[in-house]
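Numbers here simply count residues along the sequence, with the first being 1. Atoms within each ligand, like the ligands themselves, are counted from 1 in listed order. When reading the values below, keep in mind they use all heavy atoms of this one structure, side chains included, and skip hydrogens, waters and symmetry mates.
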Amino acid sequence: MAHQETDLEKIAGRELPAASELAGRFVLQHHDHRKTDAQYGKIMGNLGFGVDFSDYMARATWTADAGWHNKVIEPYGSIALDPGASVLHYGQEIFEGLKAYRHDDGTVWTFRPSYNGARLNYSGARLAIPELPIEDFIASIVDLVRADQRWVPTGQGASLYLRPFIFASESFLGVRAATRYEYVVIASPSGPYFTNGFKPIEVWVDQKYHRAGPGGMGDAKTGGNYASSLLPKIDAHYRGFDEVLFLDAATNSNLDELGGMNVFLVLKDGSVKTPQLTGNILPGATRSSIIRFLEAQGTAVDECTISLAALREGIEAGEIQEMFACGTAAVVTSIGRIAGENFDLSLPNNTVTRHIYDELTSIQLGNKEDSFGWLYQLA
Ligand SMILES: *Cc1c(COP(=O)(O)O)cnc(C)c1O
């Protein structure tokens, strides 16, 4: 059955005002302690992922009386926080991740930003965090990237990674939703997420821990889900694997996702499968884009329950030829080996995975026609 448009996709499909109309909502606070030319050159000449930050950050505060206010672009730097701030105790926090790309003509673009804006509010609804209007979300990205334009790198796999987040800053130790929140966007000039190019990663299937369970926060982008994934990831590293694939908590038998990436299978007949959105899986923008792009090129995509048993049989029988993980940070990453307590399997191929990676990054970098209207010009 063809993909049914999700609520996030519907919101993401709406027309957005141009950046020039939204610019200026977050007021630029000029300052004179931008990074020096030497610091700038050192960072841009050796891009890591998420390790260095730009000159500015976007900020706003929410209170019950004033709603979102004090929207500014201010110098990047430490945030003073009362030790009683509830985020530090109960983890009321949500985040997003998107990228600004520099095209060959020098212009700067981002990819489906209203999907991220809509998802921030979707996550916020689950964590009882007030809604941020999507146009304010986009404006914060526009204003920050315009202030930080020199930090948008060029080159294959390079981008200015943007990390919007909201956290509860009210100081109190009672357990209830806070009455004060901070919205912040920081920016990190970044190279590829995985430093070893297109080398396939090796994935450990965790049959002991889960990242999320039914009725939990699995489809919200919140730090808590990551906190629960860290120990399993250490275990997997210890065994020599790069990433963890989590199974569903209800039956411990079906594929959910990696700790921060969705997962796809490519079958011998060229069709593709991915776990359906059950509420325990994060609805990735990359997942959504890949499904739409594949369906548009005539590839069948089945969003369904995929059991570990069927995955193993499929790989052993040669029915499943490729597996890949996807998310904004790493885009598309081939999985070359998948193993668990009593199995260890290799995937022979990654041609389709490569094709998907090339198509998606070509659209993002402006090297291929954006027939889906996914790009949004920031500057
Ligand atoms: C962000 C995220 C993804 C990928 O989502 P994209 O929108 O494609 O970046 C997948 N899984 C989890 C748990 C995530 O937090």
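Of all the heavy atoms of Met261, the ones lying under 4.0 Å from any atom of ligand 1 belong exclusively to the backbone. Contacts with ligand 1 closer than 4.0 Å are made by no heavy atom of Tyr115, backbone or side chain. At a heavy-atom cutoff of 4.0 Å, ligand 1 is contacted by the side chain of Leu282 but not by its backbone.
Nearest protein heavy-atom contact of atom 9 (O) of ligand 1 is Thr328 OG1, 2.6 Å. Closest to atom 3 (C) of ligand 1 among all protein heavy atoms lies Gly260 O, 3.3 Å. In this structure, the protein non-hydrogen atom closest to atom 15 (O) of ligand 1 is Tyr226 OH, 2.4 Å. For atom 11 (N) of ligand 1, the closest non-hydrogen atom on the protein side is Glu257 OE1, 2.5 Å. Of all protein heavy atoms, the one closest to atom 8 (O) of ligand 1 is Thr286 OG1, 2.6 Å. When only non-hydrogen protein atoms are considered, atom 1 (C) of ligand 1 lies nearest to Lys221 NZ, 1.4 Å. For atom 5 (O) of ligand 1, the closest heavy atom belonging to the protein is Gly284 CA, 3.3 Å.
Side-chain atoms of Tyr115 and Pro283, non-hydrogen and from C-beta on, do get closer than 4.5 Å to each other. Side-chain contact between Trp151 and Ile43 is present, with at least one heavy-atom pair separated by less than 4.5 Å. Side-chain contact between Asp136 and Tyr183: absent, with no pair of heavy atoms (C-beta onward) separated by less than 4.5 Å. Side-chain contact between Asp52 and Met44 is absent, with no heavy-atom pair separated by less than 4.5 Å.
The pair Arg126-Asp219 does not meet the salt-bridge criterion, since no charged nitrogen lies less than 4.0 angstrom from a carboxylate oxygen.
Atoms of ligand 1 found under 4.0 Å from any heavy atom of Arg119, numbered from 1 in the order shown, are 5 (O), 6 (P), 7 (O).
Taking the six-membered ring for Trp and the full ring otherwise, the centers of Tyr161 and Phe49 sit less than 6.0 Å from each other. If you look at Trp374 and Phe111, their ring centroids are closer than 6.0 Å. Ring to ring, Tyr226 and Phe95 are close: their centroids are under 6.0 angstrom apart.
Using a 4.0 Å heavy-atom cutoff, Asn262 is listed among the residues neighbouring ligand 1. Residue contact annotation: Gly259 has a non-hydrogen atom under 4.0 Å from ligand 1.
By the 30° and 60° cut-offs, the orientation of the rings of Phe53 relative to Tyr76 is parallel.
Considering backbone and side-chain N/O of Gly327, none are found under 3.5 Å from N/O of ligand 1. For ligand 1, the polar-atom distance check finds no N/O of Arg287 at less than 3.5 Å from any of the ligand's N/O atoms. Looking at ligand 1, you won't find any N or O of Arg211 less than 3.5 Å from one of its N or O atoms.
In this structure, Arg150 is positioned above the aromatic face of Tyr40, its NZ or CZ under 6.0 Å from the six-membered ring centre and within 45° of the axis.
For the residue pair Ile281 and Asp256, the shortest heavy atom distance occurs at CD1-O, 3.7 Å.
With Ser123, Ala325, Ala285 as candidates, the residue nearest to atom 7 (O) of ligand 1 on a non-hydrogen basis is Ala285.
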